[in-house]
Engineer: 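Got a structure for you, questions after.
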Amino acid sequence: MTQTPPNDESRPTRTGMRLIVPLQGVVQGRGGILLGSLIPCALFYFLQFYLKRNRSPPPPNPPPSRSASSSDLPRSSSRPNLLSRGASNGRVQLSARANHVAKANESPYYIGLDRVREDAYDELTNPDGVIQLGLAENRLSLDLIEERLSKNLADLMSGAGGPPGLRGIATYQPFDGLLEFKMAMADFMTEAMGNEVSFDPLKMVLTSGGTPALEILSFCLADPGNAFLVPAPYYPGFDRDLKWRTGVELIPVHCRSCDNFALSTTALEQAFNQARKRGQKVRGILISNPSNPVGNMLNPYDILDFARERNIHIISDEIFAGSTYGNEKFVSMAEIVDSEDAFKDRVHIVYGLSKDLCIPGFRVGVIYSFNENVLKASKKLTRFSSVSTPTQQILAPMLSDKRFIQEYINTNRQRIRSMYDLVVSGLKELGLECTESSGGLYCWVDMSKLISPYNEKGELDLWDKLLNTAKINVTPGSACHCIEPGWFRFCFTTLRVNEVPLVMERIRKVVEICKPSV
Amino acid sequence: MAIKPLTQPSSASSAAISLSKIAVSNTHGEDSPYFAGWKAYDENPYDESSNPSGVIQMGLAENQVSFDLLEKYLEKNSSDPTSSGRVSSFRENALFQDYHGLLSFRKAMASFMEQIRGGRAKFDPERIVITAGATAANELLTFILADPGDALLVPTPYYPGFDRDLRWRTGVHIVPIHCDSSNAFEITPSALDSAYSDAESRGLRVRGVLITNPSNPLGATVKRAVLEHVLDFGALKNIHLVSDEIYSGSAFSDREFVSIAEVLEARGGRGSERCHIVYSLSKDLGLPGFRVGTIYSYNDAVVTTARRMSSFTLISSQTQQLLATMLSDEEFTAGYIETNRERLRRRYRMIVDELGRAGIECLKGNAGLFCWMNLSPFLKDETVEEELALWECILREVKLNISPGVSCHCAEPGWFRVCFANMSEQTLQVALARIHDFVERRRGNQ
């Protein structure tokens, strides 16, 4: 819901807007700290502008009196209530859902992330800490974003380009995102996905990250007890995002190394038929493209044909679309869906800025759907997970800067490629092969020769050695529901180039321990 | 790229595809008059110069009376907005997606919440879970405390959005605790008991009570004695208590607001593991677009679980950083809280006095951004139909969007919520004049 800005009384009596130049920020000039203080300045600037549009003229101020000084009260403890007569002595219960969530961190994926949090490697302060290779986060090109945002903010501060380009900010924000920001996102998505299709801002609902986007679609497309087919191995977070609160099931469709982990239509059909025999209703297929954890490109035509035959939905998680570096070209679902095709109502895309733009902290995700009813429901549901307005304001100008985005995407690709080559060749020297991947921020490594026995237990033993002996956090295939034991996902975009030899050295130690005797 | 010809659509694919029950249901309650009035406003919004006969929005509980204080703060502090602590570098912020939330932000929120309560309760930053707004906080808590088919007891009248926030995706029922004007809509022990029995007789398992304090739409704080009783009731039945204290900073006087946190401290923490507080900056600071909410729980398992589930609803790291700086400036926040209270009290007096002159009574209020107005003397019959007819008349003829009590599930027809803080004083005067004229006309016609 939007509101027009209130009436004339709300405009300041002085003409124009006083521009506050953050002197400290400009003078300091050191990259991170500069932007670290400039961005709050910019937010303050936006906040000022926003307030000026909306405030009422100030009534006479009574002198503010101090509120009561805080006395040092004892902190309340959580002792169970055992005292009142007639009171229940049992501890109060949480829901079954909550109890399930409380157990969630048993997956090696999450355990590894926790370990890094507790004991993170730092070259200077903690050289024996755990090196993070378990989080698909891109730090390689953050400097470009920082520089561009910094320039953007400096322009704003100096008044070049006028007040923030966004139209008058309504007091009440549309929860699914400001139209101006959607337009900027549409521009960015078009560029990031190779300029083959033009994205339509009106088909977007913004969410606070890719995580809620997936969950909202799951709530919209399936009822509790229904299922989605998912090519496996798949991103461990899907078990949380699509299942936790929705009651929906995920049915893995196993892909194999002999096919280079490509998705086979036979396997899809088998999985669908078996579900039907079990009486389980399949509502859709969830794909990630480029895929996580393998880094393959999927053929969207195959998916479309399969889904059309069975009249089910497609959720295409394309969050790594701009992070491609291989020979295969990325083709978005949006590209192959004809606007005339009635089937477009089944196609829904998830995207976000966490991977391609390196800014997971800003919490920007997108549901892109061709289905009006899904958009309507999602717009209401994103109330629970909406994007912060100041964040939209900060990012919009950068996202619409075609030239910058083009250069950024290209440079980012090159950097990912370089790091991929470095890591893959390093692993090769250790006798470890990777699949040939084309996208994503990770490589998919075959360590099956090192595990004993050749099963999930053997794999987890190796994972444990890697985590606790070698002190590197990688994700074992079992956490990704991979049917073949011994595969691991190594995320390499959190590394610095000079850290690669150290990583290889640490892995070498474990390889030596685990190598089968000749 | 070669275009692959599409296969011939089979008859199956030409059938319409179905969505989930949640997607097509109207459990969200957004078809109620509360939301319909907004449409009328959107189509014909009031503007003092360009559209003086447009609809004045009095159905939106938003706080615009203290924007200038925020402005002044920014002007004073823009040259060094990060003076109060260590600045995270851009890199750290851009990558920060830890569901624990920034420690500096949690500390600042805890301190702000303490200030609002005049230091009568302490808040531990480690018990603060961040969410993108109070809407998300209430829903998250419901997911954690109740299973599908369970029930929460909620006193009526209540915020219309609860139908959506507590029920839609969670599958949980709201069973009303009926309150009425005979005792200023306070929760009575018998009403609480009745609601519990009502739920039981419907085969619903009650998991908790959710109160809003200060209350929306009543605009009044909940008395200490009532809080004590609800706590005891919770202990007796071994159920949870959620206290939505989103308007705590909008109580007109610090002394009149008693938080559940204070009552728990006075009891030495007895029973606190059942208690959870919801807060947000959307009302007190007037920044709904920032999407900042919190759950404060005294229950460790709830904190852990809520934190993990908050992955679906995190606050932008940049927003956390900005607010951490602002809210940890205790001199600013103390002054802001005090002044904001004073201004809201003034507004309330203004509207209640004017309405009184027109012969309209309001519930005695002491908090919030709205007053609870009694128009039952103007109803032909005390029925919901008459109330809605009157609401429609006020919307179309008087061009005011106010919220009818039926959308708040009020048991008595004729009550309306009127928001007064989302407009200038001039606009408020125009609205009050319109009401005055309307009442005169009505009297004349009788």
Side-chain angles (χ1 to χ4, degrees), chain A residues 1 4 7-9 20 23-24 32 35-37 40-41 43-44 48 51 55-56 58 62 64 67-68 70 73 75-78 81 87-88 92 95-96 98 101-102 142 146 173 208 211-212 219-220 222-223 301 305 308 311 343 345-346 359-363 377 383-386 388-389 391, chain B residues 4 7 12-13 17 20-23 38 45 47-49 67-68 71 74 78-82 87 89-91 93-94 96-97 118-119 122 132 135-136 139 144 146-147 235 238 264-265 269-274 289-291 298 305 308 311-314 316-317 319 322 334-335 338-339 424:
Chain A
M1 295 265 175
T4 51
N7 56 47
D8 279 356
E9 269 91 83
I20 307 300
L23 295 175
Q24 190 219 29
L35 202 61
S37 52
C41 290
L43 289 173
F44 277 46
Q48 269 189 297
L51 291 176
R55 68 152 193 201
S56 318
S67 50
S70 30
L73 293 169
R75 255 181 50 191
S76 59
S77 59
S78 331
N81 174 17
S88 146
V92 70
S95 66
V101 167
L142 208 44
E146 201 173 359
Q173 316 300 333
S208 52
T211 299
F219 270 116
C220 285
D223 291 309
Y301 289 105
D305 288 345
R308 189 197 302 278
N311 196 24
F343 193 75
D345 273 358
R346 280 85 156 170
I359 49 175
F362 283 52
R363 314 310 306 150
R383 268 195 85 104
F384 300 109
S385 51
S386 39
S388 188
T389 309
T391 303
Chain B
K4 184 184 166 191
T7 53
S13 63
I17 186 131
S20 69
K21 294 192 181 72
I22 283 180
W38 290 24
D47 181 280
E48 202 218 8
S49 38
F67 274 164
D68 61 306
E71 261 183 322
L74 292 175
S78 296
S79 56
D80 185 11
T82 54
V87 180
S89 70
F90 173 80
R91 172 169 284 253
N93 244 6
F96 186 81
Q97 52 173 333
K122 289 291 264 181
T135 299
E139 194 203 35
I144 290 175
D147 286 302
N238 197 21
L264 286 172
E265 294 217 3
R270 190 165 44 94
S272 61
E273 80 277 7
R274 289 188 199 89
F290 278 48
R291 310 314 302 138
Y298 295 89
T305 318
R308 290 192 188 151
S311 309
F312 296 107
T313 182
L314 295 177
S316 171
S317 53
T319 305
L322 169 66
E338 186 68 32
T339 312
S424 68

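Chain A is the first sequence line, chain B the second, and so forth, proteins listed ahead of strands; every chain is numbered from 1.
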Engineer: Using every non-hydrogen atom in the two residues, find where A/S386 and B/A132 come nearest and quote the distance to one decimal.
Structural biologist: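 Residues A/S386 and B/A132, closest heavy atoms: O-CB, 4.1 Å.
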Engineer: How far apart are the closest heavy atoms of B/A23 and A/C220, and which atoms are they?
Structural biologist: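 Heavy-atom minimum between the residues: CB-O, 3.5 Å.
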Engineer: Counting N and O atoms only, with roles assigned by atom type, does the side chain of A/S388 sit under 3.5 Å from a partner on the main chain of B/F290, one being a donor and the other an acceptor?
Structural biologist: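 Yes; at least one donor-acceptor contact below 3.5 Å.
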Engineer: In chain order, what residues pass the side-chain contact (heavy atoms from CB on, under 4.5 Å) check against B/T305, with sequence neighbours excluded?
Structural biologist: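 Checked B/T305 against side-chain contact (heavy atoms from CB on, under 4.5 Å); matches are A/L94, A/A98, A/V101, A/A102, B/I144.
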Engineer: State the CZ-OG1 distance between A/R363 and B/T313, to the nearest 0.5 angstrom.
Structural biologist: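 Separation between the atoms: 9.5 Å.
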Engineer: Against chain B, work out which of A/P212, A/S95, A/S385, A/A96 has the most heavy-atom pairs shorter than 4.5 Å and name it.
Structural biologist: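 The answer is A/S95.
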Engineer: For A/A222, is it the side chain, the backbone, both, or neither that has a heavy atom closer than 4.5 Å to a heavy atom of chain B?
Structural biologist: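 Just the backbone, heavy atoms under 4.5 Å.
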Engineer: For B/A136 and A/F384, work out which heavy atoms get closest and say how close.
Structural biologist: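 Heavy atoms only, the tightest pair is CB-O, 3.4 Å.
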Engineer: Taking all non-hydrogen atoms of both residues, which atom of B/G289 and which atom of A/T389 are closest, and how far apart?
Structural biologist: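 The pair with the smallest heavy-atom distance is O-OG1, 2.7 Å.
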Engineer: Are B/L314 and A/S208 side-chain neighbours, meaning at least one heavy-atom pair lies under 4.5 Å?
Structural biologist: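 Result no, sub-4.5 Å side-chain heavy-atom pair not found.
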Engineer: What residues form a side chain to side chain donor-acceptor pair (under 3.5 Å) with A/D223, not counting sequence neighbours?
Structural biologist: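 Side chain to side chain donor-acceptor pair (under 3.5 Å) check on A/D223 returns A/R283.
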Engineer: In Å and rounded to the nearest 0.5 Å, what is the OG1 to CD distance from A/T211 to B/Q97?
Structural biologist: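 Here the interatomic distance stands at 7.5 Å.
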